[in-house]
Amino acid sequence: KDWSKVSLANQPKDHFVFQLGYLNWTQAPDTANTGGLPRSLNIYFMMQFPFKTDPRLSVALGAGVGSDNQYFKKTSIDISGKDKNLLEFVDRTDSNHFKKYKMTTAYLEAPLELRFTQSPETPNKSLKFAVGIKVGTLLSASVKGKNWVSPTGSLINGYTQKERSKKFINGTRFSVTGRVGYGIVSLFASYQINSFVKDGLGPDIRPMTVGVMLSGL
C-alpha cells in the first residue's frame with residue numbers, strides 16, 4: 001500500500017490523554033516502609049503530526065500535569081529539613097506514628113512521543129505503539145499524616161498534619177516512556193532517569209509507573 005497517498009485531513013490532531021498508574025520507587029531505602037496503593041495520575045493535552053511519507057508514523061507533543069502519591073506505613077519524613085539538611089525516611093515501627101501517611105508531588109510536564117499506528121485511517125480499531133520522553137518541573141511537594149497512634153496501633157490523637165516543601169526534591173525530572181495498546185486503551189510505563197531527590201541530599205530514588213492510558217491517538 002502506498003501510504004504516502006493516504007489522507008488524514010478529516011481526523012483530529014489533538015487529544016486529551018489520561019493516565020492512571022501504579023507507582024513504584026526503585027532504589028528506595030529500607031527505612032521507607034511503603035504501603036497502601038501508591039499511584040500516579042497524569043493528564044495531558046497532546047497534538048499529533050503524522051509523517052507525510054507514511055502516516056502510520058507520527059510525532060506527538062503536548063503539555064499537562066502529572067501527580068504522584070506514595071503511601072507509607074510506620075514512617076515519617078522530615079520534608080522541610082527542620083532537623084537535618086538531609087531528606088531522611090525514619091522507621092517508626094517502635095514509636096508513635098501516623099496511621100496514614102503519604103507524600104504527594106505534582107509536576108508541570110511536556111511529553112514527546114514517536115508513535116506507530118497500524119491503521120491510521122481507523123485509529124479506534126488499530127494496534128498502537130509509542131516510545132518517548134517527558135520533562136517536568138516541580139510544582140509542589142508535601143507530606144500528610146493522619147491519626148497519631150501508638151506502636152501497637154491504638155489511637156492517641158485523631159489530628160491531621162501536613163507539610164509542604166520543595167527543598168530536597170529535584171526541581172526537574174526527566175523520564176522515558178513507552179506504551180502499547182488497541183483503540184483508545186493502552187498500557188503505559190514511565191521511568192525517571194534522574195534522581196527524585198537532589199544530589200547529596202538523600203537517597204537516589206528513581207520512580208517508575210505502569211498503568212492504563214486513555215487517548216484517541
Side-chain angles (χ1 to χ4, degrees), residues 3-4 6-9 11-28 38-70 104-141 169-199 204-217:
W3 288 100
S4 64
V6 173
S7 175
L8 305 180
Q11 293 188 12
K13 293 184 178 181
D14 53 353
H15 275 267
F16 280 103
V17 175
F18 300 90
Q19 295 179 336
L20 179 63
Y22 176 83
L23 173 67
N24 178 41
W25 277 5
T26 66
Q27 301 179 201
R39 55 186 179 267
S40 299
L41 175 63
N42 308 318
I43 302 175
Y44 307 121
F45 179 78
M46 300 190 71
M47 296 192 67
Q48 179 170 263
F49 301 93
F51 289 20
K52 291 183 178 180
T53 55
D54 189 344
R56 292 176 300 175
L57 292 171
S58 62
V59 171
L61 54 87
V65 176
S67 62
D68 292 344
N69 286 278
Q70 180 62 273
T104 301
T105 50
Y107 296 83
L108 179 65
E109 294 190 305
L112 174 67
E113 284 187 334
L114 175 63
R115 297 173 170 178
F116 175 82
T117 303
Q118 186 181 40
S119 179
E121 298 163 295
T122 55
N124 289 340
K125 298 180 180 179
S126 174
L127 288 172
K128 301 175 183 179
F129 307 89
V131 293
I133 59 173
K134 61 180 180 179
V135 180
T137 182
L138 183 65
L139 297 176
S140 65
I169 311 303
N170 217 323
T172 303
R173 75 170 174 180
F174 301 95
S175 303
V176 292
T177 63
R179 65 183 176 94
V180 58
Y182 181 87
I184 66 170
V185 180
S186 297
L187 298 177
F188 80 93
S190 67
Y191 177 78
Q192 184 170 332
I193 58 177
N194 65 323
S195 180
F196 174 69
V197 182
K198 293 178 181 177
D199 291 342
D204 186 20
I205 297 169
R206 306 294 176 103
M208 179 176 67
T209 301
V210 294
V212 178
M213 167 177 161
L214 298 178
S215 174
L217 295 176

Taking all non-hydrogen atoms of both residues, which atom of [X] and which atom of [Y] are closest, and how far apart?
X	Y	answer
Ile205	Pro207	O-CD, 3.7 Å
Thr26	Tyr191	OG1-CE1, 3.8 Å
Thr105	Ala141	CG2-CB, 3.9 Å
Pro120	Pro55	CB-O, 3.7 Å
Ser119	Thr122	OG-OG1, 2.9 Å
Phe116	Leu57	CD1-CD2, 3.8 Å

(request) Apply side chain to side chain contact (heavy atoms under 4.5 Å, CB included) to the pair Tyr107 and Ile169, showing each step before the final yes or no. (result) CA-CA 11 Å; Tyr107 296 83; Ile169 311 303; 4.0 Å; yes

What is the distance from atom [atom1] of [X] to atom [atom2] of [Y], rounded to the nearest 0.5 Å?
X	Y	atom1	atom2	result
Met46	Arg115	CE	CZ	5.0 Å
Glu113	Lys134	CD	NZ	10.0 Å
Gln192	Thr177	CD	OG1	13.0 Å
His15	Phe45	NE2	CZ	9.5 Å
Leu127	Ser186	CG	OG	10.0 Å
Arg39	Asp68	CZ	CG	11.0 Å

(request) Could you tell me whether the side chain of Ser195 and the main chain of Asp204 form a donor-acceptor pair under 3.5 Å? (result) no

(request) Kindly say whether Gln19 contributes a backbone atom to a donor-acceptor pair with the side chain of Asn42 at under 3.5 angstrom? (result)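 Here the side-chain-to-backbone pair does not exist.
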
With a 4.5 Å limit on heavy-atom distance, are the side chains of [X] and [Y] in contact?
X	Y	answer
Met213	Val17	yes
Thr209	Leu23	yes
Val212	Val185	yes
Leu114	Val59	yes
Trp25	Arg206	no
Ile43	Val65	no
Ser190	Met208	no

(message) Under the criterion side chain to side chain contact (heavy atoms under 4.5 Å, CB included), I'd like the reasoning laid out for Phe49 against Leu61: C-alpha separation, chi angles, the key distance, then a yes or no.
(response) CA-CA 9 Å; Phe49 301 93; Leu61 54 87; 4.3 Å; yes

(request) Could you walk me through whether Val135 and Thr172 pass side chain to side chain contact (heavy atoms under 4.5 Å, CB included), step by step? (result) CA-CA 7 Å; Val135 180; Thr172 303; 4.2 Å; yes

